[in-house]
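We name chains A, B, ... by the order of the sequence lines, and we start the count at 1 in each one.
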Amino acid sequence: MIIIKTIVRATDTTGARLCECIKILRSKYYNGKLTDYIIIAVKTALTNRKIKRHEVYKGIVVRIKKKTMRFHGGKITFEDNGIVLFNKRNEIFASRVLGPVCTELRKEKIVKILTMSGVII
Amino acid sequence: MRILDCSMCGAPMYPGHGSTFVRNDAKVFRYCSKKCRKLFVRKVNPRRLRYSKAYRRTHNKELSMDTTFDFEKVRNRPPKYDRELYASTIAAIKRVNSIQYKRQRSFYFNRMRSSMKIRKMAVQREIKTNLSLAINPVAVPKLLADKIRMNSNSILTQELKLQAGTTNSVVVRRDQPEGSDSDEDSDVEVE
């Protein structure tokens with residue numbers, strides 16, 4: 001459940017660490033779920049990388065803390081709220097994705113993240 | 001579809017039941033219930049939980065080390081369809097299950113042997129002390145009851161005989177599966 005002002009973690013090699021959700025690209029009072037696009041502001045970042053603090057990017061939700069139903073009938077939770085960042089040209093920014101990634105991305109046809117990540121759950 | 005085990009208590013989780021938790025190092029934990037999940041959050045060791053499978057196996061409450069458990073494996077590669085293999089595996093599953101059931105029963109009776117003795121002694125003691133309760137005054141006429149009371153020793157011996165008869169049959173049943181188990185699943189092979 002991601003709303004405005006929630007802190008999410010960037011799980012890729014861009015250099016961004018903690019980000020703040022500014023907007024969810026859905027209807028007005030919508031709580032962000034898996035495979036939702038959101039807009040974030042970078043709060044903390046590693047030095048000497050492309051991304052710096054206070055910059056605004058687009059991202060996709062890849063992991064979520066909230067218990068969600070799956071298509072087979074089970075429920076799944078992750079340890080944190082993780083996102084993958086997008087470019088200004090709507091391309092995936094990083095070259096690698098860290099940590100586990102949900103399979104629901106395949107249904108949304110965002111297969112590139114799945115190929116970059118190590119573990120799909 | 002797979003029937004997975006709960007990572008806390010070890011109970012089987014059928015599809016559509018339970019919840020999964022994924023740690024950030026990609027380790028997957030499955031819980032059959034909310035109870036199990038909360039215990040995991042509290043970092044309770046499943047070996048100290050009374051109802052968990054791990055506890056019962058470590059404390060010799062259940063059959064733990066057995067060859068029948070080796071058939072249960074996670075196979076990630078599905079084999080090619082073969083009619084003979086398909087038929088043979090189904091036959092083998094039934095055979096292995098029956099053997100496992102027998103062994104579990106024999107294990108249980110061996111575990112309960114000492115307590116069965118104590119229970120038998122208690123029954124005998126009860127009959128000796130409360131023989132008057134065994135004679136129903138409504139069902140038996142008064143004169144007959146007096147006669148029976150006179151020959152109370154004969155009734156005691158009869159009761160004890162009956163008790164011994166029932167217990168002896170149990171003993172026979174206990175011994176039989178151990179002997180019949182000796183011919184093992186040497187002819188069964190599962191891929």
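By the criterion of side-chain heavy atoms lying less than 4.5 angstrom apart, applied directly or through intervening Ile, Leu, Val, Met, Phe, Trp or Tyr residues, Val8(A) is not grouped with Val84(A); the two fall into different hydrophobic clusters. A single hydrophobic cluster is seen to contain both Leu34(A) and Ile83(A), as judged by linkage of ILVMFWY side chains at heavy-atom distances under 4.5 Å, directly or through other members.
Neither the backbone nor the side chain of Arg70(A) comes within contact range of chain B; no heavy atoms are under 4.5 Å apart. For chain B, the nearby parts of Ile76(A) are the backbone and the side chain; heavy atoms of each come within less than 4.5 Å.
Other residues, nucleotides and ligands contribute only 12 or fewer heavy atoms inside 6.0 Å of the OH atom of Tyr14(B). Around atom OH of Tyr101(B), no more than 12 heavy atoms belonging to other residues, nucleotides or ligands sit under 6.0 Å away. The number of heavy atoms from other shown groups lying within 6.0 Å of CD (Glu84(B)) does not exceed 12. Atom NZ of Lys53(B) has 12 or fewer heavy atoms from other residues, nucleotides or ligands within 6.0 Å.
Expressed to the nearest 0.5 Å, how far NZ of Lys75(A) lies from CZ of Arg30(B) amounts to 14.5 Å.
For the pair Glu79(A)/Phe21(B), a side-chain contact is recorded, criterion being any heavy-atom separation below 4.5 Å from C-beta on. Arg23(B) is not listed as a side-chain neighbour of Asp80(A), based on a closest heavy-atom distance of 4.5 Å or more.
A side-chain donor from one of Arg37(B) and Thr77(A) sits under 3.5 Å from a side-chain acceptor of the other.
Across all non-hydrogen atoms, the minimal contact from Asn24(B) to Pro100(A) is O-CD, 3.4 Å.
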